[in-house]
Trainee: 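One structure follows; several queries about it will come next.
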Amino acid sequence: MLREYYPYEYVESVFVIDYQKLRDMGIRGVIFDIDNTLVPHGDDATPEAEALFKTVHRAGLKTVLLSNNDSERVERFIRDIDTPYVCDADKPAPEGYLKALAALGMEKDEVVFIGDQTFSDVRGANACGIKSILVKYFGYYTERRIGVRRRIERVVLWCYRHSKKYCHRLGDIVREEP
Ligand SMILES: [Mg+2]
């Protein structure tokens, strides 16, 4: 069923989310994907990404990274970011998500997962009963050649946006000002 791939929310980017609102609705931890979610694939952390973690932590949320990439890549990303991580996660397999929950010391209903792919990120979160926020991948507006996977993803998301039952399950989580 398509709903396996439906996120709880779908927003422009990690930078438009109001993390205080997540905290106010009882969320205590955030599991982040890295590539194409926080930075373009393979890139080092940007000042914007580093500032984001400070904002998230200041809102009273703990963080953990969940990446299919290896430790060398993740270590490079977190050079100036204070967060634990799970690498070689093999998303959408549930094991990595469970390790991420353990790293946070939290239950699945206390956390939210944020990533850019419906078929790995969101599907794995759904399989584990973790709420998910899908963001538009880096390059969404600029990539000229879109792969088959991303094309199918757009169809799935079209259906998602037209689903009264599954769309906007978290409610208003976007910051007021840009
Ligand atoms: Mg990604």
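One-based numbering, in listed order, for ligands and for the atoms of each.
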Trainee: Side chains of Glu110 and Ile27: does their closest heavy-atom pair fall under 4.5 Å?
Mentor: no
Trainee: Distance under 6.0 Å and angle within 45° of the ring axis: does Arg150 meet both against Phe119?
Mentor: no
Trainee: Does Tyr5 have Arg123 sitting over its ring (NZ/CZ under 6.0 Å from centre, angle to axis within 45°)?
Mentor: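 Cation-pi check for Arg123 and Tyr5: fails.
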Trainee: Report the atom name of the nearest N/O/S atom of Asp116 relative to the Mg ion (ligand 1).
Mentor: OD1
Trainee: What do the steps show when you test Lys54 against Asp82 for salt bridge (charged side-chain N to carboxylate O under 4.0 Å, His left out), and what is the final call?
Mentor: CA-CA 9 Å; Lys54 293 205 172 78; Asp82 183 20; over 6 Å; no
Trainee: Got an N, O or S from Asp121 under 2.8 Å of the Mg ion (ligand 1)?
Mentor: no
Trainee: Roughly, to 10 degrees, what angle do Asp33 atom OD2 and Asp35 atom O form around the Mg ion (ligand 1)?
Mentor: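 Between OD2 of Asp33 and O of Asp35, the angle at the Mg ion (ligand 1) is about 90°.
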